[in-house]
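These notes concern the structure reproduced below.
Basis for what follows: all heavy atoms, side chains included, without hydrogens, waters or symmetry-related copies. Reminder, nothing fancy here: chain letters follow the sequence lines and each chain counts from 1.
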Amino acid sequence: MRDMDDSFAHALETLTSAQREAVEHIEGPLLILAGPGSGKTRVVTHRVANLLHHGVAPREILALTFTNKAADEMRSRLERLAPQQPVWIGTFHRFCARLLRRYARYVGLSENYTIYDTADSSKALRMALEELSLNLAHFTPDQLAQAISWAKNELITSEQYQPRPGNPLGAVVAKVYPAYQRRLLASNAVDFDDLLMHVATMLRENPELRSSLDAQYRFILVDEYQDTNLAQYAIVRALSVDFPNLAVTGDPDQSIYGWRGANLKNILEFEKDFPEVKVVRLEQNYRSTKTILRAADALIAHNKHRKKKALFTDNDEGRPVRLTVYPTHRDEAEGIVSTIAAAIHAGRRRPSDFAVFYRTNALSRTLEEAFREHAVPYQIVNGVEFYQRKEIKDVIAYLQLINNPQNDVAFMRIINLPSRGIGKTTLARLSDYAGQKRMSRLEAARQCKDISTIKPSEAKSVREFVSLYDDLASRAIRPVEEILGHVLTKSGYHDVLKNSDVPEDQERLANIEELVTAAREFDERFPEQDSPLEAFLEQASLVNDIDAMESSSDVVTLLTLHAGKGLEFPVVFVTAIEQGLLPHELNREDEFKLEEERRLLFVGMTRAEEELHLSMASYRTFRGQRHPTIASPFLMELPRDEMDVEEIRSSRFADPSWDDAPSHDDSYFDEPAMQVGELNEEREARSSPTHLLSTAAELLPDASPSTTGDAEKISPDVFRLGMTVIHPTYGLGKITAISGTGAKRTATVNFCLNPGETKFRLAYSPLRPAQK
DNA sequence: ATGCGCCAAGTTTTT
DNA sequence: CTTGGCGCAT
C-alpha cells in the first residue's frame with residue numbers, strides 16, 4: 001500500500017497544474033476542454049486512479065468511450081497506473097448491452113436477446129415491409145432505415161413518431177417504424193440504436209431503477225463528449241442526478257460524428273446543464289512538434305463555426321510537414337511503404353511507430369498490397385470486417401439461434417444452409433403461419449405438419465432441421481468452441497466447404513477456423529461465464545475486428561481517420577487528400593458537413609508526434625476506373641511555404657491503359673496538374689506545358705529495374721494444408737495447420753530438420769511452396 | 001426448388 | 001471492383 005502511495009504521488013508530480021486540477025477534482029461535475037495531445041487520456045486515467053486512491057470503490061466508476069479502440073487504450077493505461085481494478089471501461093453500446101441484459105424485461109425483451117448488426121437489421125426491416133405488404137416505389141429500404149435510425153437517436157419511439165405534414169418519407173416511416181419495432185421485439189432482438197434508446201427510455205420511465213443505477217455508478221466519465229447524441233446524452237444525464245459526479249472530456253474541434261446524430265450542443269451547453277461545473281482547459285500540446293501543430297492549426301482556423309483556440313507547445317520545432325504528390329495511388333502506397341521499410345531497416349523506427357490514415361476503408365486495399373510486397377507487418381483497424389463475411393455470419397447465425405430461438409433473421413438465414421431442399425414457397429408459408437399465430441418461425445417449424453399448406457415431403461425436411469437444431473441447442477451452455485464444433489460438423493457446413501471445388505471455399509474454411517480459434521481464446525480468457533455463448537455473441541456483434549481480442553504487437557497500423565481519434569503515433573501518414581475523398585464527395589456541398597471533413601483531417605494531422613506526411617495521387621483507380629484527381633481544397637489551407645512539397649513525376653507502375661489515354665484531352669488532364677502546380681507555388685506552371693502532368697509518356701514507368709531486387713512474393717493464399725514447403729533456414733517441412741486469410745493467414749509447419757510445430761504469418765515469412 | 005450467372009447498382013465514417 | 005438482386009435454366 002505504501003508503495004502504491006509513493007508511486008502515485010510520484011505520478012501526480014509529473015502532471016502540470018492544469019492537469020492536476022482535473023485529476024484532483026473528486027466530487028461534482030467536471031468539464032475538461034482538451035485540445036489534441038493535451039494529455040487528456042492521461043488526465044482521465046490519473047483521475048480514475050486518484051478516485052480509487054481516495055477510497056472510491058472501483059465498481060462505482062464508469063468510463064464510457066465511443067470506440068473499442070479508445071476503450072482498450074484507456075483500459076491498458078489504467079492497468080499500468082492502478083492494476084487489477086475492476087473499473088468498468090467500455091463503449092456506450094457495450095455498457096447499454098450489459099445493462100439491457102440485466103433489465104431486459106423493462107423494455108419487453110428477455111435477457112438472451114440478440115443484437116442485430118446493420119445487415120441483420122436491414123433483413124428485419126425487409127421482413128416488416130413484407131408483413132405490411134407495403135409498396136415502396138419511392139423510397140429504398142436504406143432510406144427508411146436511416147430515417148428510423150435518426151428517430152431513435154433523437155429518442156423518438158415508434159409510438160411517438162409523428163411525421164411532419166407533407167413529408168412523404170415521414171408518412172411511410174410512420175407506418176414502417178412501428179412494424180419494424182414489433183418485428184424486433186418478436187425476434188427478441190435489438191439494433192445498435194435500440195441499445196441506446198431502450199436504456200434511455202428505461203431510465204426515463206422507471207424512476208426507481210434510475211436512482212438505483214445513479215447511485216451504483218456514482219462516478220461517471222465520458223470521453224469525446226462532443227460526439228454524444230441525444231440518446232447518449234440522456235443516459236449520462238439520467239445517471240448523474242443524485243450523484244452529479246460527471247466528468248466529461250471533449251474538444252469541439254474534434255467532433256467528427258455529426259453524421260450519426262452527434263450533437264455539439266451537448267458539450268457547448270454542459271455549463272448550462274450543470275451550473276456548478278468546474279471547467280478545466282487543457283490547451284498545451286505535449287504530443288506534436290511545433291511545425292505539425294502550426295499546420296493543423298492553420299487548417300482548423302478555416303472553420304467558421306468555431307470558438308477560436310490557440311494550440312501551443314513547448315516541444316521542438318521538428319521536421320517540416322511533408323506533402324507528396326504521387327502519380328498514381330499505387331505509387332503513393334509504394335512510396336509510403338518504402339519510406340517506412342527504410343526507416344525500420346535502418347533501425348531508426350519500429351513498425352508500431354507508424355500509422356497510415358485514409359478517409360474510407362476501400363482505400364486500404366492498395367496500401368495493404370504494398371505492405372505485403374515489402375513484408376512489412378501491419379494491422380488494419382476495422383478493415384473488411386471479419387464478422388461481416390458471409391461464412392462467419394452464417395455460422396454466427398447458428399449460434400444466435402441456439403442462444404435465442406426467437407431470432408427469425410438467424411432462422412431464415414440458416415434453415416436452408418447448407419441446402420436441405422427447403423425452398424422459398426415453403427418458407428413463405430411457414431412465415432405466414434408464424435405471423436398469424438404470433439409465434440417465432442422456429443416454433444412454426446416445429447408445428448409444420450399442422451400447417452395445411454405445407455406438403456408432407458417438405459415438412460419432413462423442416463422437421464429434420466428442427467431436430468438438428470434441438471441437438472445443437474442441447475449444448476447451449478457449453479464452452480463456445482465446443483458448440484461451434486458441433487454446429488460445423490452436425491449441420492454439414494464444414495463438409496460442404498471442405499468438399500467444394502470452388503477455390504474461395506477453402507478460404508472460407510480458413511476464416512471459420514479463425515473463428516474457432518477466437519472462440520477457444522474466448523473460452524480460455526473468460527472461463528467463468530454463466531452463458532459463454534451469450535457473452536461471445538455480444539462481443540462478436542459489438543466488436544467487428546477479431547484483432548481486438550489479441551494483444552497489441554509491433555506492427556504498422558492502417559486505419560480510417562475516424563478510427564484514429566484518441567490515438568497517437570510518432571510518424572503519421574495521411575493519404576488520398578483529394579477532392580471527393582477528403583472532403584468526401586457527399587459532404588462537399590453542405591457548409592457544416594464540409595467543416596466536419598476539415599475537422600477529420602485535423603484529427604488525422606494531430607495524431608502525429610514527430611513526423612507528418614501528407615499525400616495525394618494525381619490519378620487514382622476507383623471502382624475499377626482510373627480517374628484524374630483534384631487536390632483537396634484543404635491542402636491550399638496549409639502553410640505550404642514552410643512545408644516540404646514534392647511532386648513525383650515518374651510512375652513505377654506500368655499500365656497498358658495509359659497508352660490509350662488521349663493526351664490531347666485537355667479538360668481532363670490539365671485540371672489535376674494545375675492544382676498541383678498551385679501547390680508548388682509554381683503559378684507560372686499554368687502556362688508552361690512542361691510542368692503539367694499531362695502526357696501519358698511522362699507517366700509511363702521509367703523504373704522497371706526497381707523491381708529486380710525484390711524476390712517475387714508469394715500470395716499467402718497459395719498455401720494449403722498438407723503442402724510441402726521450403727524455408728531458407730529450416731529447410732523442408734509440411735503444413736500441419738493453416739488458418740486466416742490475407743495478412744493474417746497463418747500456417748503451422750513441421751520441419752524435417754526441426755521437428756515440432758513452428759507458426760508463420762505467411763505474408764511476412766520467407767516460406768515458399770517446395771518445387772513439385 | 002435450386003443454383004448459377006448475369007446485370008445493375010452503389011458506393012463514408014462506427015456501434 | 002465488389003455486392004446484391006433477379007431471372008432463367010436445370
Side-chain angles (χ1 to χ4, degrees), chain A residues 64-71 90-97 115-123 126 140-143 146 149 152-153 190-197 224 227-229 231-232 255-262 329 357-366 381-385 387-390 416-429 455 457-458 461 500 502 504 538-545 548 559-566 576 580-588 593 596-597 599-601 603-604 620-627:
Chain A
L64 296 170
T65 65
F66 281 81
T67 63
N68 292 303
K69 193 103 184 142
T91 63
F92 264 101
H93 287 83
R94 186 77 86 104
F95 172 67
C96 290
I115 302 168
Y116 280 170
D117 67 16
T118 319
D120 298 332
S121 307
S122 158
K123 290 238 169 69
R126 278 162 214 271
T140 64
D142 247 22
Q143 287 175 292
Q146 237 182 338
S149 171
K152 286 182 174 180
N153 285 328
V190 301
D191 62 24
F192 286 137
D193 301 314
D194 279 341
L195 287 171
L196 304 175
M197 187 179 72
E224 312 288 4
D227 285 328
T228 46
N229 61 29
Q232 288 158 332
S255 160
I256 54 177
Y257 285 97
W259 52 274
R260 96 177 190 201
H329 68 294
F357 285 92
Y358 36 80
R359 178 60 176 67
T360 71
N361 282 309
L363 294 169
S364 71
R365 243 198 154 68
T366 321
V381 178
N382 297 337
V384 179
E385 293 136 29
Y387 288 105
Q388 307 288 343
R389 294 172 195 222
K390 181 192 179 307
N416 198 33
L417 211 131
S419 175
R420 304 185 171 90
I422 302 169
K424 254 190 295 203
T425 348
T426 308
L427 287 179
R429 286 166 182 163
K455 283 179 287 187
S457 61
E458 306 294 337
S461 318
S500 155
V502 181
E504 62 232 29
E538 181 179 306
Q539 163 107 355
S541 39
L542 296 177
V543 178
N544 48 19
D545 188 355
L559 69 180
T560 64
L561 290 162
H562 281 90
K565 207 160 57 153
L581 284 169
L582 186 62
H584 195 273
E585 188 60 35
L586 299 172
N587 297 339
R588 219 155 47 105
K593 289 179 174 175
E596 183 159 312
E597 296 283 316
R599 289 195 292 265
L600 206 44
L601 177 55
V603 166
R620 186 169 296 276
T621 304
F622 204 60
R623 211 153 110 184
Q625 295 251 302
R626 183 187 295 266
H627 284 293

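- Residue order along DNA chain B, read from the 5' end via each residue's closest nucleotide, puts A/Thr425 first among A/Thr118 and A/Thr425.
- For B/dG3, one of the phosphate oxygens OP1 or OP2 lies less than 4.0 angstrom from a side-chain nitrogen or oxygen of A/Ser419.
- Atom CG of A/Asn68 and atom P of B/dT13 are 17 Å apart (whole Å).
- Residues A/Ala70 and A/Thr65 come closest through the heavy atom pair CB-CB, 4.1 Å.
- One can place CZ of A/Arg620 at 16 Å from P of C/dC1, the figure rounded to the nearest angstrom.
- Nucleic acid contact for A/Ile422: sugar-phosphate only, since backbone atoms but no base atoms lie under 4.0 Å from a heavy atom of the residue.
- Checked by atom type and distance alone, the side chain of A/Arg359 never pairs as donor or acceptor with a backbone atom of A/Leu582 at under 3.5 Å.
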Using a cutoff of under 3.5 Å, can you pull out all pairs of nitrogen or oxygen atoms linking the protein to nucleotides 4-7 of chain C, with atom names and distances?
none

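- For A/Leu542, the listed nucleotide lying nearest its side chain is B/dT15; candidates were B/dT15, B/dT14, B/dA1.
- Between A/Phe92 and A/Phe66, the ring-plane angle classifies as tilted under the 30° and 60° cut-offs.
- One interatomic measurement links the two molecules: CG of A/Asn361 to P of C/dC1, which rounds to 19 Å at whole-angstrom precision.
- Within 4.0 Å of A/Asn416, counting heavy atoms only, lie sugar-phosphate atoms of the nucleic acid but no base atom.
- Within the nucleic acid shown, A/Phe92 has no heavy atom closer than 4.0 Å to any nucleic acid atom.
- Taking atom CZ of residue A/Phe357 and atom C1' of nucleotide B/dT13, one finds them 13 Å apart after rounding to whole Å.
- For A/Thr91, counting side-chain heavy atoms from C-beta on, the closest listed nucleotide (B/dT12, B/dT2, B/dT15) is B/dT15.
- Rounded to a whole Å, the NZ atom of A/Lys69 is 17 Å from the P atom of B/dT13.
- Closest to the side chain of A/Arg359, from the set B/dT13, B/dT14, B/dA1, is B/dT13.
- A salt bridge does not link A/Glu596 to A/Lys593: none of the charged side-chain nitrogens sits closer than 4.0 Å to a carboxylate oxygen.
- Note: CD (A/Glu597) to P (B/dT12) measures 12 Å, nearest angstrom.
- In this structure, the aromatic ring of A/His562 is not positioned over the six-membered ring of the base of B/dT13 within 5.5 Å between centres and 30° between planes.
- The closest side-chain heavy-atom distance from A/Phe95 to A/Leu195 is not below 4.5 Å.
- Checking side-chain atoms of A/Glu597 against main-chain N and O of A/His584 turns up a donor-acceptor pair under 3.5 Å.
- The side chain of A/Ala563 lies closest to B/dT14, out of B/dA1, B/dT12, B/dT14.
- Applying the 4.0 Å criterion to OP1 and OP2 of B/dT12, one finds that A/Arg260 has every side-chain N and O outside that range.
- Here A/Trp259 counts as stacked on B/dT13: its ring centre is under 5.5 angstrom from the base ring centre and the planes meet at under 30°.
- In summary, of the residues considered (A/Asn229, A/Asp191, A/Asp193), a side chain to side chain donor-acceptor pair (under 3.5 Å) with A/Lys152 occurs for A/Asp191 alone.
- Across the protein-nucleic acid pair, A/Glu585 atom CD and B/dT13 atom P stand 15 Å apart, rounded to whole Å.
- Residue A/Arg429 is the one, among A/Leu586 and A/Arg429, whose nearest nucleotide of DNA chain B lies closer to the 5' end (criterion: closest heavy atom).
- Comparing B/dT15, C/dT2, B/dT14 by their closest approach to the side chain of A/His93 singles out B/dT15.
- When the C1' atom of B/dT2 is taken as reference, atom CZ of A/Arg420 falls 15 Å away, rounded to whole Å.
- With a 4.5 Å cut-off on side-chain heavy atoms, A/Leu581 and A/Leu363 count as touching.
- Here the separation of B/dT13 from C/dG4, taken at their P atoms, is 15 Å to the nearest Å.
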